[in-house]
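Following: one structure in structure tokens, then a few remarks.
None of the values given here were measured: they were computed from a predicted structure. Numbering of residues begins at 1 and proceeds along the displayed sequence.
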Amino acid sequence: MQRDTVVPAIREGGVFVDVRGWEGNGAPGIRFERVSVFSEYRSFDKLERLRHGVESGTIVPRVAEVLPAERAPEAHERLEAGGTRGRFVLTW
């Protein structure tokens, strides 16, 4: 499960935000928050427009680098250090 990989990658004092109602595993030093997105969860049309925008090149997400999930701590450190243009994408 992705959570088993993600939670250990969160630094002490960090926050894990879940949109599926998970309350966390009690990991010390990590705050777990639940976010409800019920009104948008079934917004298939909006997601399709977003997908088409990305595929057509109308929307160009700025990606700094694609990294395996186990390098998440490095991605956080690099973002905190500043100077990174774009976001890191983690793959599982």
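With rounding to the nearest 0.5 Å, the separation of OG in Ser56 from CZ in Arg51 is 10.5 Å. Atom OG1 of Thr91 is separated from atom CG of Leu67 by 7.5 Å, given to the nearest 0.5 angstrom. Between atom OG1 of residue Thr58 and atom CG of residue Leu50 there is a gap of 11.0 Å, rounded to the nearest 0.5 Å. Taking CZ of Arg49 as the reference point, atom NE2 of His52 lies at 10.0 Å (rounded to 0.5 Å).
Arg34 places a side-chain heavy atom less than 4.5 Å from the side chain of Glu23. Contact annotation: the side chain of Arg11 never approaches that of His76 to less than 4.5 Å [non-hydrogen atoms, C-beta and beyond]. Taking 4.5 Å as the limit, some side-chain heavy atom of Arg3 sits within range of a side-chain heavy atom of Trp22. Here the side chains of Leu90 and Arg71 are not in contact, with every heavy-atom distance at 4.5 Å or above. Between Val7 and Phe32 there is a side-chain heavy-atom pair separated by less than 4.5 Å. Glu65 has its side chain out of reach of Thr84: every pair of non-hydrogen atoms, C-beta onward, lies at least 4.5 Å apart.
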_Run the salt bridge (charged side-chain N to carboxylate O under 4.0 Å, His left out) test on Glu33 and Arg31 for me, step by step, so that the C-alpha distance in whole Å, both residues' side-chain angles and the decisive distance to 0.1 Å come before the verdict._
CA-CA 7 Å; Glu33 296 286 338; Arg31 190 174 86 237; 2.7 Å; yes

*Given Arg62 and Arg85, is the side chain to side chain contact (heavy atoms under 4.5 Å, CB included) satisfied, shown in steps?*
CA-CA 7 Å; Arg62 184 176 286 184; Arg85 294 180 57 89; 2.8 Å; yes

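When every heavy atom of Ala9 is checked against every heavy atom of Ala72, the shortest pair comes out as CB-CB, 3.6 Å.
Both Phe16 and Trp92 are assigned to one and the same hydrophobic cluster, defined by single-linkage of ILVMFWY side chains at heavy-atom distances under 4.5 Å. If you chain together hydrophobic residues whose side chains sit under 4.5 Å apart, Val60 and Val63 never meet in one group. Note on Leu79: it clusters hydrophobically with Ile30, by side-chain heavy-atom contacts below 4.5 Å among ILVMFWY residues.
Taking the charged nitrogens against the carboxylate oxygens, Lys46 and Glu48 have no contact shorter than 4.0 Å, which rules out a salt bridge.
In this structure, Glu12 places its CD atom where only 12 or fewer heavy-atom neighbours from other residues, nucleotides or ligands lie under 6.0 Å away.
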